[in-house]
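Here is the naming used below: chain letters follow the sequence lines, and residue numbers restart at 1 for every chain.
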There are 2 protein chains.
Amino acid sequence: MTDSTWQIPRIALAVDLAVLTVRNNALQILLVERGVDPWRGQRALPGGFLANDQEDLDAAAERELAEETGLDISRLYLEQLRAYGAPDRDPRSRVVTVCYVAFVPDLPTPEAGGDAQTAAWVPVQAALDHDTRLAFDHKRIVADAVERVRSKLEYTTLATSFCPPEFTVTDLRQVYETVWGETLDQRNFHRKVTGTAGFLVATGEQATGQGGRPAALYRPGPATTLHPAMLRPTTSANNQPRRIPCAVDA
Amino acid sequence: MTDSTWQIPRIALAVDLAVLTVRNNALQILLVERGVDPWRGQRALPGGFLANDQEDLDAAAERELAEETGLDISRLYLEQLRAYGAPDRDPRSRVVTVCYVAFVPDLPTPEAGGDAQTAAWVPVQAALDHDTRLAFDHKRIVADAVERVRSKLEYTTLATSFCPPEFTVTDLRQVYETVWGETLDQRNFHRKVTGTAGFLVATGEQATGQGGRPAALYRPGPATTLHPAMLRPTTSANNQPRRIPCAVDA
DNA sequence: TCAAAAGTGTTTGGATTACACCCATGG
DNA sequence: CCATGGGTGTAATCCAAACACTTTTGA
């Protein structure tokens with residue numbers, strides 16, 4: 001590392017987004033169709049290159065998200081997933097991407113991408129299917145994002161990010177069930193989330209009945225983390241072969 | 001995003017390391033003294049720029065780690081922390097850094113940096129002290145790395161990464177106590193770690209007595225995750241103000 | 001009145017805590 | 001024999017799973 005910074009190899013830096021929502025009883029991810037080579041016509045994560053020298057990574061992710069979804073910025077959760085930098089991940093030139101995951105509620109205008117690209121919600125099960133092809137290393141990124149959201153629900157209150165501004169306990173439970181792909185006991189779930197201080201704030205209102213007893217409506221509370229955590233029922237993911245240096249997970 | 005990739009702004013990409021060890025009953029981090037401006041003479045995380053167009057990020061982190069510590073690559077754990085890209089984090093030019101955390105055992109040759117820079121172990125408590133100055137945004141990165149290792153010990157078996165090849169249950173407990181800054185009940189800890197299948201493998205050997213009953217020696221077992229987790233005693237970090245978009249944590 | 005969905009009560013078992021107590025070695 | 005640290009036993013407690021049961025609406 002010498003004083004002459006001009007000799008440093010410079011690299012194209014992209015910011016990509018894994019925007020997740022719960023929609024039609026499925027965890028879905030926003031994908032766009034690429035209009036240019038490479039991977040023209042293939043589905044890819046929305047994203048783009050860092051706009052200018054003064055743009056923060058987080059700001060770039062927010063900008064991309066606003067461009068792609070036209071979404072109210074206050075109604076979402078956005079955090080960095082990780083950076084991906086395999087040397088051959090883009091055939092044109094060296095591109096390192098910093099990926100973000102976003103959790104958004106089921107949007108009124110979900111398909112309307114602000115960009116010229118056609119954006120669409122795709123169930124993650126389909127996106128990760130063996131027969132599905134995604135551009136670049138985006139299938140691996142989708143897999144990492146799905147694992148991130150699944151574990152986040154265990155120890156944070158972020159499931160409310162997928163819900164409308166006011167929601168019932170059953171709405172929230174269906175988010176958990178959909179993201180985890182597990183059925184939860186309705187009664188124990190109710191006790192757990194209403195008994196955790198700061199998770200939910202009752203509005204006093206009731207949901208319009210769907211044929212049964214009307215459910216109380218809640219807003220997200222001030223708590224961000226869950227103590228103790230809400231654990232997935234079948235968390236038998238123990239005893240992998242052996243940890244390796246430079247593990248994939250973050 | 002057009003076909004002409006040549007117009008894309010290119011950015012200097014660094015890879016920095018937060019190398020952590022447990023040493024003298026303290027969680028310590030490897031810092032180097034910068035020999036050049038900016039921040040000449042200040043302590044900083046070891047790291048460097050991506051060497052060439054064909055180097056993977058993970059490989060770059062491994063290379064840097066080998067250069068800085070001369071360490072046996074098989075005896076460590078390395079994972080990506082996150083990318084940092086505030087536009088003003090380097091006064092010379094735009095530099096985005098991808099940071100990695102490494103957990104290493106107490107090394108026989110801890111101070112010998114392979115590079116010309118003088119490397120030294122610094123207790124994280126001192127590195128994070130309000131009066132301490134670190135180069136760039138490295139103090140924030142150190143804080144993130146410390147939080148990462150603390151939470152990793154809760155739900156993984158990675159505490160063994162800080163231990164020598166063979167170790168006693170007390171050695172392992174002292175790793176937990178040092179990283180968390182909490183005292184744990186020796187007897188309950190013993191039951192927990194020996195009762196978790198795959199955490200420890202008994203060698204059959206005994207440690208040379210220090211004046212008491214000799215302790216059994218163990219090697220790391222095949223398990224990587226802990227079910228159920230080993231929770232910190234005083235985990236009352238609940239109910240923060242409110243989650244914000246673009247949270248810091250990963 | 002019945003079906004459907006919301007919400008409460010109760011039992012039980014697993015895991016953690018907080019201890020008392022025994023074991024094996026060095027001096 | 002005694003101090004020192006290693007390791008086991010046990011009761012209380014907390015928490016979550018399982019499931020019976022009551023409440024409140026729409027048809």
Side chains of [X] and [Y]: donor-acceptor distance under 3.5 Å anywhere?
| X | Y | result |
| --- | --- | --- |
| A:Asp58 | A:Tyr100 | yes |
| B:Asp106 | B:Thr21 | no |
| A:Tyr84 | A:Asp144 | yes |
| B:Asp171 | B:Tyr218 | no |

Tell me: [atom1] of [X] to [atom2] of [N], nearest whole Å?
| X | N | atom1 | atom2 | value |
| --- | --- | --- | --- | --- |
| A:Leu217 | D:dT24 | CG | C1' | 15 Å |
| A:His227 | D:dA16 | NE2 | P | 13 Å |
| B:Arg213 | C:dT25 | CZ | P | 8 Å |

| All ring-ring contact (aromatic ring centres under 6.0 Å, His included) counterparts of B:Phe162, not counting sequence neighbours | B:Phe103
| N/O donor-acceptor pair under 3.5 Å between B:Arg43 side chain and B:Thr132 backbone | no
| remark: Sequence neighbours excluded, the answer for side-chain contact (heavy atoms from CB on, under 4.5 Å) partners of B:Gln125 is none
| task | Give the intermediate values and the outcome of side-chain contact (heavy atoms from CB on, under 4.5 Å) for residues A:Leu20 and A:Val124. | result | CA-CA 9 Å; A:Leu20 296 166; A:Val124 294; 4.0 Å; yes
| task | Can you run down the ring-ring contact (aromatic ring centres under 6.0 Å, His included) pairs that involve residues 174-205 of chain B, sequence neighbours left out, and say none if there aren't any? | result | B:Tyr176-B:Trp180, B:Tyr176-B:Phe189
| note | What residues 167-192 of chain A contributes to the DNA chain D interface at heavy-atom separation below 4.0 Å is A:Asp185, A:Arg187, A:Asn188, A:Arg191, A:Lys192
| note | Within residues 200-207 of chain A, those residues having any heavy atom closer than 4.0 Å to DNA chain D are none
Protein-nucleotides 11-13 of chain C N/O pairs closer than 3.5 Å?
none

| field | Comparing B:Ala216 and A:Pro228 on DNA chain D - which has the more 5′ nearest nucleotide | value | B:Ala216
| note | Given the options A:Arg82, A:Arg140, A:Lys152, A:Arg232, A:Glu147 meets salt bridge (charged side-chain N to carboxylate O under 4.0 Å, His left out) only with A:Arg232
